[in-house]
Amino acid sequence: MTTRTSRPIRVLLADDHTLVRRGVRLILDGEPDLTVVAEAGDGAEAVAKARETPVDLAVLDVAMPRMTGLQAARELSRRLPDLHILILTMYDNEEYFFEALRAGASGYVLKSVADRDLVEACRAAVRDEPFIYPGAERALVRSYLERLYRGDGLPERAITEREEEILKLVAEGHTSKEIGELLFISAKTVERHRANLLQKLGMRDRLELTRYAIRAGLIEP
């Protein structure tokens, strides 16, 4: 896909911090070929906005309430396969980078250098070209080659995507009924997933699940 010249690239911007969204919007709206047409404060809202508003590109933060940017990216990739996705994050983290690629993102931009890299990354994404923030390529390739040398391959997921969604919502304090309503499943199914999570992770209660969710970057401390 090539960048359209007849109109600006329509961007959906999702971040749970209003000031961050405002700053990123100023960067993007300052370019003649980019325009922010929708904003969201969490991943679930981003998915809903993308389904109701015509957008070409979704720029998603990683750590957001209800649904992370990575979870939202997976959902958007399934529902809107033609939508381009960028991850905008404060985490200079190899695991998040590989997870972003798995989720369908074509770029990974650090917030600390968004003023330098984001515009270029947006244009690259819409051209179907991958974007990795400068300085990361060498470290990522070295790590990947070391992993292949050890015979490890790419890191495996400890839990399923559905279990990750439920873990995040449990850690945020939602009840089984609320989680069921958000994910369109029964409270009984939520309880079953929760029990599986406890068993799989070797944990006893919600407090330990919450600590795990913080370590995994699903929620902020």
Side-chain angles (χ1 to χ4, degrees), residues 1-77 80 82-140 217 219-220:
M1 178 179 176
T2 57
T3 304
R4 296 175 177 85
T5 56
S6 57
R7 60 166 172 76
I9 298 164
R10 299 165 298 185
V11 180
L12 163 66
L13 177 59
D15 193 296
D16 58 323
H17 295 99
T18 304
L19 286 176
V20 173
R21 289 205 311 274
R22 189 175 300 163
V24 173
R25 181 165 196 153
L26 282 172
I27 293 172
L28 298 181
D29 282 346
E31 300 295 321
D33 58 334
L34 297 166
T35 181
V36 177
V37 296
E39 294 186 27
D42 61 60
E45 186 183 3
V47 173
K49 287 284 181 71
R51 296 183 70 191
E52 67 188 29
T53 307
V55 293
D56 306 304
L57 173 68
V59 178
L60 309 172
D61 182 27
V62 170
M64 293 189 288
R66 294 204 296 166
M67 183 184 284
T68 69
L70 297 175
Q71 291 170 340
R74 287 197 291 266
E75 188 70 14
L76 288 170
S77 294
L80 300 167
D82 292 331
L83 178 66
H84 302 281
I85 299 170
L86 274 181
I87 297 297
L88 178 64
T89 178
M90 62 182 289
Y91 300 108
D92 185 355
N93 183 298
E94 171 198 341
E95 184 178 345
Y96 286 143
F97 170 76
F98 283 121
E99 198 60 45
L101 296 184
R102 281 199 190 102
S106 59
Y108 192 91
V109 181
L110 295 181
K111 288 182 179 179
S112 58
V113 290
D115 58 335
R116 183 191 72 195
D117 293 343
L118 183 57
V119 169
E120 180 188 345
C122 288
R123 291 169 179 157
V126 176
R127 293 194 304 265
D128 281 328
E129 297 173 2
F131 182 90
I132 306 172
Y133 57 95
E137 296 96 332
R138 185 175 301 174
L140 289 167
I219 64 173
E220 295 180 335

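Any value given below was found using the heavy atoms of this structure, including those in side chains, with hydrogens, waters and symmetry copies removed. Starting from 1, each residue takes its place in the sequence as its number. The shown structure was predicted, so the numbers you read here are calculated from the model rather than taken from an experiment.
No side-chain heavy atom of Thr53 sits less than 4.5 Å from a side-chain heavy atom of Leu12. Looking at Met90 and Val62, their side chains never come closer than 4.5 Å, going by heavy atoms from C-beta outward. Counting only heavy atoms from C-beta outward, the side chains of Asp16 and Asp42 never approach each other to under 4.5 Å. For the pair Val24/Leu118, a side-chain contact is recorded, criterion being any heavy-atom separation below 4.5 Å from C-beta on.
Rounded to the nearest 0.5 Å, atoms CZ (Arg74) and CE (Met67) are 9.0 Å apart. Separating the CG atom in Leu86 from the OH atom in Tyr108 is a distance of 12.5 Å, to the nearest 0.5 Å. The structure places CD of Glu99 at 10.0 Å from CD1 of Ile87, a figure rounded to the nearest 0.5 Å. Note: Leu34 CG to Arg25 CZ = 12.5 Å, rounded to the nearest 0.5 Å. Here the CG atom belonging to Asp115 is positioned 12.0 Å from the CG atom belonging to Leu26, to the nearest 0.5 angstrom. Annotation: the span from Leu76 atom CG to Lys49 atom NZ amounts to 13.0 Å, rounded to 0.5 Å.
A salt bridge between Lys111 and Asp61 is present, with a side-chain N of the basic residue lying under 4.0 Å from a carboxylate O of the acidic one. Checked for salt-bridge contact, Arg22 and Glu39 miss the test: no charged N lies under 4.0 Å from a carboxylate O. Note on Glu120 versus Arg123: no salt bridge recorded, every NZ/NE/NH1/NH2 to OD/OE distance being 4.0 Å or above.
Closest approach of Leu60 and Gly69 over heavy atoms only: CD1-O, 3.5 Å. Minimum heavy-atom separation, Pro54 to Val37: O-CG2, 4.0 Å. Between Cys122 and Leu28 the shortest heavy-atom distance is SG-CD2, 3.9 Å. When all heavy atoms are compared, the tightest approach of Ser77 to Gly104 is OG-CA, 3.6 Å. Across all their heavy atoms, Pro65 and Gly41 have their closest contact at CD-O, 3.9 Å. Leu57 approaches Ile85 most closely through the heavy-atom pair CD1-N, 4.0 Å.
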Steps toward side-chain contact (heavy atoms from CB on, under 4.5 Å) verdict (Asp29, Thr35)
CA-CA 5 Å; Asp29 282 346; Thr35 181; 3.9 Å; yes
